[in-house]
Amino acid sequence: MNSVYDQLLVREHLSRATPSASLTALDEVALREQVKQLLTEHNAVLIAHYYTSPVIQALAEETGGFIGDSLEMARFGARHSAQTLVVAGVRFMGETAKILSPEKRVLMPTLEATCSLDIGCDADEFSQFCDEHPDHTVVVYANTSAAVKARADWVVTSSIALQVVSYLHEQGKKILWAPDKHLGDYICRQTGAKMLLWDGACIVHEEFKAKGILDLKKIHPTAAVLVHPESPANVVDVADVTGSTSQLLKAAGELPNDTLIVATDRGIFYKMQQENPNKLFLEAPTAGQGATCRSCAHCPWMAMNSLERMARSLREGSDEIQVTPELIQKALVPLQKMLDFPKQ
Ligand code: 13P
Ligand code: SF4
């Protein structure tokens, strides 16, 4: 155990909405050992997103696995020699791993872990939208189903979206973007491209409040503000740095500020605090003044990645990602373009 793990575990135990809430510390130690053993027995590697709980991220580190953003997770899974990839994140991340490594078995702690962007972009409706604009290059965010990716010309993650859209815009392409309207709007403002936008949003990032951040800055005047571009424009406008999870993590280390207000899922605090033990990290506020119902900065689907579910999935081979060979073949084309994109 390390100190970041200890600190964040306390917070996590208080807030966890998964079956682990009932675990004692001893149960948790035993489960961690069980998962480690199962990973070895099944020649499996654990690939975790920055938004998963501290216990999952620490386990990935201890077992030679990986923690990263959605682009890095995809790259790591494709490169690694393990026959089974255990993807702790949300379903589109497991599907991406399967598309890039069809010969491998891809397990998730639960296939129910999804994403509001994926849910809000039905493949048939999206295909119809594309058919209505045949002269447009279709760029989709990685937070989508394999079927939506299969309809795209390009797939991008938030780490690479600006570069790919700038490149297409320079070539004079008309662009159709889906599904995140806030990220789409941010890209339009940054690149000058006028994209047709699908009407989707992330239920976590949409909750951050610009006024709450400015009020918090009054209390911490030396703080810098870090914002993920899935947040609304007025929140992005108060940011010192806007970027994907890995870009925000890098900025947390590079900025001279001793205090950082962070507008993204609080799971990222595990790595931020570990890499910057002397800095103070504060969650950006999500509730407006006088709100009676408090939202939080934690993705409910990421929170479903528990040790028990991971152990069960490895033991029983349940929750295995299935993507048809036909979809794999189609979705691989725009995904591979992203991975091969030269300007990274
Ligand atoms: P990243 O691509 O930055 O990892 O983000 C994925 C995501 O789901 C953000 O909410
Ligand atoms: Fe999807 Fe938002 Fe959760 Fe990321 S934080 S997985 S975009 S719902």
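Indexing begins at 1, ligand by ligand and atom by atom, following the structure's order.
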Please report the closest heavy-atom contact between Asn143 and Pro179, naming both atoms and the distance. O-CG, 4.1 Å
Flag Ser158 as yes when one of its N or O atoms lies below 3.5 Å from any N or O atom of ligand 1, and as no otherwise. yes
Answer yes or no for His205: is there a heavy-atom contact with ligand 1 below 4.0 Å? yes
Ignoring angles and geometry beyond distance, decide whether Ser244 reaches within less than 3.5 Å of ligand 1 through its nitrogen or oxygen atoms. no
For atom 3 (Fe) of ligand 2, find the nearest protein heavy atom and state the residue, atom name and distance (0.1 Å precision). Cys299 SG, 2.4 Å
In plain terms, say whether Arg309 and Glu112 are close enough for a salt bridge, that is, a side-chain N and a carboxylate O under 4.0 Å apart. no
Does at least one non-hydrogen atom of His228 fall below 4.0 angstrom from an atom of ligand 1? yes
Any non-hydrogen side-chain atom of Asn257 less than 4.5 Å from a side-chain atom of Thr259? no
Aromatic ring proximity Phe76/His80, centre distance under 6.0 Å: yes
What protein heavy atom is closest to atom 2 (O) of ligand 1, reported as residue, atom name and distance in Å? Ser70 OG, 2.6 Å
Measure from the side-chain N and O atoms of Gln274 to the backbone N and O of Phe269, and report whether any donor-acceptor pair falls under 3.5 Å. no
Quick one: which of Cys202, Pro300, Ala297 has a heavy atom closest to atom 2 (Fe) of ligand 2? Cys202
Please check whether Glu230 reaches ligand 1 - meaning an N/O of the residue sits under 3.5 Å from an N/O of the ligand, judged on distance alone. yes
Just to confirm my output: which protein heavy-atom neighbour is closest to atom 1 (Fe) of ligand 2, and how far is it? Cys115 SG, 2.4 Å
Nearest non-hydrogen protein atom to atom 4 (O) of ligand 1, with distance, is His49 NE2, 2.7 Å
Count the heavy atoms of every other residue, nucleotide or ligand shown that sit under 6.0 Å from CD of Gln171, and state whether that count exceeds 12. yes
Where on Leu117 is there a heavy atom closer than 4.0 Å to ligand 2, on the side chain, on the backbone, on both, or on neither? side chain
Proximal atoms of ligand 2 relative to Trp301 (non-hydrogen, under 4.0 Å): 8 (S)
Distance under 4.0 Å to a non-hydrogen atom of Ser116: what atoms of ligand 2 satisfy this? 8 (S)
Side chains of Leu248 and Thr245: closer than 4.5 Å at any heavy-atom pair? no
Below 4.0 Å, non-hydrogen atoms only: which portion of Asn143 touches ligand 1? Side chain, backbone, both or neither. side chain
Minimum heavy-atom distance Ala201-His182, with the two atoms named: CB-CD2, 4.2 Å
Heavy atoms only, cut-off 4.0 Å: how does Asp265 contact ligand 2, side chain, backbone, both, or neither? neither
With a 4.5 Å heavy-atom cut-off, do Asp265 and Tyr50 have their side chains touching? no
Count the heavy atoms of every other residue, nucleotide or ligand shown that sit under 6.0 Å from NZ of Lys330, and state whether that count exceeds 12. no
Min heavy-atom dist Tyr51 to ligand 1 below 4.0 Å: yes
